[in-house]
**Student:** 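A single structure is presented below for examination.
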Amino acid sequence: MKQLITIFLCFCMSLVSLPAFAEDALPYPEAQTSAVNIEIPITDLYVGDEVYIEAKLNQQLPLYAFETNYTYDTTALRFKEITATGHLTAYTKEVSSEPSNGKGSYLITSVGEPSAQASNNLFRMTFIAKKTGKTTVILDGLTLVYPDLAYQRAEKKLTAEIMIKSKSSGTGGGGGGSVKPNRPSSNIQINFPTTSATSPIQTNAPVTPDADIPPFIDLNGFDWAEEAILALTNQKILAGYEDKSFRPQNNLTRGELAKIITLVLQLPETTDNTMKFIDIKDTMWYSSYIYRTAENHLVNGYEDQTFRPETEITREEFATILARAANYQNTVLPSRRLNINFTDEENISAYAVPYVDNLYMAEILNGDDNGAFRPQEPLTRAEAAVGIWRYLKTTQTGKEDIE
């Protein structure tokens, strides 16, 4: 760390005439508390997935530089990269040491005159998950340097706890593991002992299920989907049966998905009285949901003017409808990982290929352990729950926006 500080100071002084870096420099800004939060934006992690760790300030501040050391378990994670994410991404110089034996360091400094531009973003670290189980990434000696070369140094370490799961633990070819709400996993105060650290950053991701909701009687063996099922039940997007079962292994029908999508997007009652499917009567429980989703071009019928509500939804149809839901919300799904060619890519219908690709890159849907997507196979209720839950977390739709 001292070597990096020396490099940074020499570099700064060679670029612009600035006040000397002094041990007694006043904290900047005065009488304010700076806290750094670690966030793990994607917690649904499997071997081979990219693991992201983001460091953010609790407030927007102008920075001239920052540095940190980090350590990680090389048996569980493979280091890929670390990059700045705030305003220091432009007109900067990076000094990063390649990690060795699970230890590395990172420094980034501005080039030229100090800027008053502020941001709360610091950096993102990317690793590749190598094995299942719990592991940690530790940041040590995190230091913030301000435009006047005053600085703050973290008084304690930040620890990000990561759980990596096996794809064989009930993925169902895309159901995946349990999805936890997006929240910071650590919070520290930097160099202001007289003021307490701020609370972790709050997000508008879906809330966790209420503790008093009784579990369904048939979720044994579906640990990977239980949290999503309970959360969506709590939000009244999904429902179980009178016998307290959820029947997670049952396949989802087109009528059931129309209801789910209607509730997720809060679709208004249809105003198109001319739209009719010959197999849908107004007295059917799903008729309103089908017509609302159809009017908004989220689902389609067949050429014979039927909708076939009891037909099981396929995995590629599910991907297509979720992608259309994102378009309805004017939301661009993020690319969180590189696209791949599934081993059964040729079986994906041409219309569904871009939707499947988008949902995979957004880490909403997965292939199976053999690298196949199985596009024509039906989607189970458990898989649908996890897919919807991931979609809500990705698009940041909160409970208050749904009910």
Side-chain angles (χ1 to χ4, degrees), residues 44 167 169-180 205-206 209 213 215-216 218-241 245-267 285-286 289-290 292-293 298-300 307-326 328-329 333 348 352 355-356 358-360 362-368 372-395 397 399 402:
D44 188 22
K167 289 185 178 179
S169 60
T171 62
S178 61
V179 181
K180 300 183 183 300
I213 290 184
F216 294 106
D218 57 347
L219 294 185
N220 288 339
F222 289 87
D223 295 346
W224 53 273
E226 183 173 2
E227 186 170 6
I229 291 170
L230 294 181
L232 294 176
T233 302
N234 188 29
Q235 295 183 358
K236 303 186 184 339
I237 292 175
L238 296 182
Y241 296 85
S245 67
F246 183 77
R247 305 177 194 177
Q249 75 284 356
N250 285 10
N251 296 329
L252 194 73
T253 67
R254 287 167 54 83
E256 289 172 331
L257 183 58
K259 177 181 179 180
I260 292 171
I261 295 300
T262 297
L263 296 178
V264 167
L265 300 180
Q266 292 184 292
L267 298 178
W285 68 265
Y286 39 61
Y289 305 121
I290 289 172
R292 280 189 265 180
T293 51
L298 297 162
V299 299
N300 295 318
F307 185 79
R308 306 176 195 177
E310 300 298 334
T311 298
E312 296 169 344
I313 200 82
T314 66
R315 289 171 52 79
E316 69 176 14
E317 288 174 333
F318 182 63
T320 300
I321 293 171
L322 280 188
R324 289 173 179 166
Y328 175 86
Q329 293 182 302
L333 296 176
I348 303 176
Y355 303 128
V356 172
N358 288 345
L359 271 292
Y360 174 80
E363 296 190 333
I364 295 174
L365 296 182
N366 292 319
D368 62 19
F373 185 73
R374 310 198 318 273
Q376 307 299 330
E377 292 189 17
L379 186 82
T380 68
R381 284 167 55 84
E383 290 173 338
V386 175
I388 293 292
W389 180 242
R390 289 175 179 163
Y391 173 85
L392 290 175
K393 285 171 58 62
T394 300
T395 57
T397 302
K399 179 178 178 181
I402 297 171

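The residues of the chain are indexed from 1 along the displayed sequence.
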**Student:** When rounded to the nearest 0.5 angstrom, what distance separates CD1 in I364 from CZ in F318?
**Tutor:** 9.0 Å
**Student:** Could you tell me whether the side chain of R374 and the main chain of R315 form a donor-acceptor pair under 3.5 Å?
**Tutor:** no
**Student:** Quick check: closest heavy atoms across Y355 and A323, and the distance to 0.1 Å?
**Tutor:**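 Closest approach of Y355 to A323: CD2-CB, 3.3 Å.
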**Student:** Does L359 reach the side chain of L333, with side-chain heavy atoms less than 4.5 Å apart?
**Tutor:** yes
**Student:** Any non-hydrogen side-chain atom of D368 less than 4.5 Å from a side-chain atom of E377?
**Tutor:** no
**Student:** Kindly indicate whether the side chain of R390, heavy atoms from C-beta on, has any atom under 4.5 Å from the side chain of N366.
**Tutor:** yes
**Student:** Is the shortest heavy-atom distance from the side chain of I321 to the side chain of I313 under 4.5 Å?
**Tutor:** yes
**Student:** For L392 and I388, what are the C-alpha separation, side-chain angles and deciding distance, and is it a side chain to side chain contact (heavy atoms under 4.5 Å, CB included)?
**Tutor:** CA-CA 6 Å; L392 290 175; I388 293 292; 4.2 Å; yes
**Student:** By the definition side chain to side chain contact (heavy atoms under 4.5 Å, CB included), identify the one residue from L238, I237, T233 that meets it with Q235.
**Tutor:**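 For Q235, the side chain to side chain contact (heavy atoms under 4.5 Å, CB included) check succeeds only for I237.
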**Student:** Considering all heavy atoms of both residues, which atom of R381 and which atom of A239 are nearest to each other, and what is their separation?
**Tutor:** NH2-O, 3.0 Å
**Student:** Please list, chain by chain and in numerical order, all residues satisfying side chain to side chain contact (heavy atoms under 4.5 Å, CB included) with N251, sequence neighbours excluded.
**Tutor:** E312, P378, T380
**Student:** Counting distance only, does the side-chain N/O of T395 pair as donor-acceptor with the main-chain N or O of Y391 below 3.5 Å?
**Tutor:**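 Confirmed, T395 side chain pairs with Y391 backbone.
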**Student:** Could you grab the distance from atom CG of L252 to atom OG1 of T314, nearest 0.5 Å is fine?
**Tutor:** 11.0 Å
**Student:** CH2 of W285 to CD of E256: how many Å apart, nearest 0.5 Å?
**Tutor:**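 Going from CH2 on W285 over to CD on E256, the span is 5.5 Å.
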**Student:** Closest approach of S245 and D218, non-hydrogen atoms and distance?
**Tutor:**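 Smallest heavy-atom distance, with atoms named: CB-OD2, 3.4 Å.
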**Student:** Mind checking the OH-CG spacing from Y289 to L267? Nearest 0.5 Å is all I need.
**Tutor:** 11.0 Å
**Student:** Backbone N or O of E310 within a donor-acceptor pair of the Y286 side chain at under 3.5 Å?
**Tutor:** no
**Student:** F222 versus Q249: any side-chain heavy-atom pair under 4.5 Å?
**Tutor:** yes
**Student:** Please name the pair of heavy atoms, one in A385 and one in A228, separated by the smallest distance, quoted to 0.1 Å.
**Tutor:** O-CB, 3.8 Å
**Student:** Any idea which heavy atoms bring P248 and L219 closest together, and the distance?
**Tutor:**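 Shortest heavy-atom contact: CG-CD2, 4.0 Å.
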**Student:** Can you tell me which residue among T293, T262, L322 is in a side chain to side chain contact (heavy atoms under 4.5 Å, CB included) with L298?
**Tutor:**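 Result: among T293, T262, L322, T293 is the only option passing the side chain to side chain contact (heavy atoms under 4.5 Å, CB included) with L298.
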**Student:** Nearest 0.5 Å, what's the OH-CD1 distance between Y328 and I261?
**Tutor:** 11.5 Å
**Student:** If you take all heavy atoms of T394 and A362, which pair is closest and at what distance?
**Tutor:**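 Result for this residue pair: OG1-O, 4.2 Å.
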**Student:** Quick one: CZ on R247 to CZ on F216, what's the gap to the nearest 0.5 Å?
**Tutor:**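 Reported value, rounded in 0.5 Å steps: 11.0 Å.
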**Student:** Less than 4.5 Å apart, side chain to side chain, heavy atoms only: is that true for T253 and P309?
**Tutor:**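 Heavy-atom side-chain distance check fails, nothing below 4.5 Å.
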